[in-house]
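When a ligand or atom number is given, it counts from 1 through the structure's own listing order. In this chain, numbering begins with 1 at the start of the sequence shown.
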Amino acid sequence: MGFIADSLNRIQPSATIAMATKARELRAQGRDIISLSAGEPDFETPQNIKDAAKRALDEGKTRYTDVDGIPELKAAIVAKFSRENGLTYRPSQVSVGTGGKQVLYNALLATLNPGDEVVIPAPCWVSYADIVLLGGGKPVFVATTIDDGFKLRPEALERAITPNTKWFLFNAPSNPTGAAYTRAELKALTDVLMKNSHVWVLTDDMYEHLLYDGLEFFTPAQVEPGLYERTLTMNGLSKAYCMTGWRLGYAAGPEALIKAMCKLQSQSTSNPSSITQWAAVEALNGPQDFIPRNNAKFVERRDLVVSMLNQAKGLKCPMPQGAFYVYPSCAGALGKTSAKGAMIKTDEDFVIALLDEEGVACVHGAAFAGSPAFRISYATSNELLKEACMRIQRFCGNLK
Ligand code: PLP
């Protein structure tokens with residue numbers, strides 16, 4: 001199709017969005033579908049944040065704003081980084097966009113030249129590689145293993161870096177594995193980065209607050225202040241603040257990079273929604289006590305799902321310490337045939353047959369560059385999770 005740009009042929013539609021859409025379609029046809037594919041909390045946005053948005057509307061805060069964020073929000077972000085991460089930034093070092101996705105997109109598109117490599121630990125979030133490819137760069141996946149809890153080893157990072165490496169793209173707690181790092185584990189990685197002064201660090205801290213078992217959160221520039229001048233620390237409100245639909249993400253880093261990102265945004269979306277920005281000021285400055293309350297529920301659900309999946313024949317499900325995903329291996333199911341006769345050769349075959357035969361929607365590991373496995377989002381009720389895991393057990397038990 002000559003009319004469509006070549007650059008679009010380099011990328012895939014988001015597999016997580018595709019799976020969620022398929023689940024919605026089947027449900028609309030009357031099928032009993034449990035969707036564990038979406039990466040969003042089932043909790044409501046806290047009331048104080050909704051109220052701030054209503055106030056913004058009533059006060060007429062309905063016009064264009066500064067492209068990369070109102071001063072009040074930049075101040076709240078500066079305060080957040082200082083309070084929670086021990087990082088000092090000026091407002092001119094902060095960029096606000098329409099979701100963390102846009103902020104990542106801005107950073108990569110504003111910096112990549114043809115041939116530039118981006119080192120990405122895998123399994124990884126579906127969009128990283130595609131955004132890099134759109135920007136003309138080359139994603140370089142570094143595999144992690146289930147036995148290492150999907151954590152990147154410093155030797156593997158060292159081996160992946162070449163003279164062409166522009167960015168190291170890091171995400172912990174991780175989507176899709178939930179892997180989280182201790183300070184010492186992170187320091188071992190930043191030590192490698194200190195030895196490679198041409199590599200910039202893009203850290204996606206989206207799941208910062210979704211951390212369990214008493215684990216404390218650290219971000220690269222905090223653990224290694226020597227990286228501050230070449231680190232972009234990205235975060236957002238979608239996950240911990242239950243604001244996926246509001247679309248707000250932000251990052252802080254060196255001023256020249258922030259300016260370049262703003263230039264790109266000024267020619268695409270301009271400012272994120274003015275209403276959302278005022279809600280975000282309240283989210284960051286207001287009470288944070290709903291976060292541990294939500295996390296207690298997530299831990300209960302995680303424990304339930306891990307325990308039930310490990311009772312399914314052929315599955316092996318590690319216990320993650322962050323985010324709201326589990327990432328079981330389905331290696332033991334490959335080469336088998338389902339109750340309705342589907343051949344399970346890949347993890348994609350596995351999730352398609354599971355959806356067809358049991359009405360449970362998950363996302364296959366290939367979409368996250370980590371096969372054979374699949375991702376379950378446990379951000380839904382205990383009842384639905386129990387029913388879904390029971391169906392998965394039945395599906396696996398019937399494989400021959
Ligand atoms: N980064 C990671 C690791 C994610 O899982 C997501 C959302 O799924 C994002 C970034 C983007 O989030 P948003 O654009 O909703 O802020």
Would you say ligand 1 has an N or O under 3.5 Å from any N or O of K101? yes

Does any N or O of ligand 1 fall below 3.5 Å from an N or O anywhere on M206, backbone included? no

Give a yes/no verdict on whether any heavy atom in Y128 is under 4.0 Å from an atom of ligand 1. yes

Counting from 1, what ligand 1 atoms have a heavy atom of [X] closer than 4.0 Å?
X	answer
G99	14 (O), 16 (O)
G100	13 (P), 14 (O), 16 (O)
K239	5 (O), 6 (C), 7 (C), 8 (O)
N171	3 (C)

Start with the C-alpha gap between E84 and H209, add the side-chain angles, then the distance that decides, and say whether side chain to side chain donor-acceptor pair (under 3.5 Å) holds. CA-CA 10 Å; E84 297 184 343; H209 294 294; 3.3 Å; yes

Carefully, step by step, assess D130 and Q12 under the rule side chain to side chain donor-acceptor pair (under 3.5 Å). CA-CA 7 Å; D130 293 292; Q12 301 291 327; 6.0 Å; no

Enumerate the side chain to side chain donor-acceptor pair (under 3.5 Å) contacts for residues 256-268, please, sequence neighbours excluded, ordered by first and then second residue.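 Side chain to side chain donor-acceptor pair (under 3.5 Å) check on residues 256-268 returns N106-Q265.
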
State whether D148 and R153 are salt-bridged, where the test is any N-O pair (Lys NZ or Arg NE/NH1/NH2 against Asp/Glu carboxylate O) under 4.0 Å.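 A salt bridge is present here (some side-chain N lies under 4.0 Å from a carboxylate O).
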
Residue among E387, E358, E357 satisfying salt bridge (charged side-chain N to carboxylate O under 4.0 Å, His left out) with R394: E358

Under-4.0 Å heavy-atom contact with ligand 1, by part of Q102 that carries it: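 Neither; no heavy atom under 4.0 Å.
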
Please work out, at 4.0 Å between heavy atoms, whether the side chain, the backbone, both, or neither of R247 comes within that distance of ligand 1. side chain

For atom 3 (C) of ligand 1, closest protein heavy-atom neighbour: D204 OD2, 3.3 Å

Show, in sequence, the C-alpha distance, side-chain angles and deciding distance for N85 and K80, and conclude whether the side chain to side chain donor-acceptor pair (under 3.5 Å) test is met. CA-CA 8 Å; N85 310 109; K80 176 264 181 268; 2.7 Å; yes

Tell me, please, whether Y378 has R301 positioned over its six-membered ring: NZ or CZ under 6.0 Å from the ring centre and within 45 degrees of its axis?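 Relative to the ring axis of Y378, which defines the angle, R301 lies outside at least one limit.
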
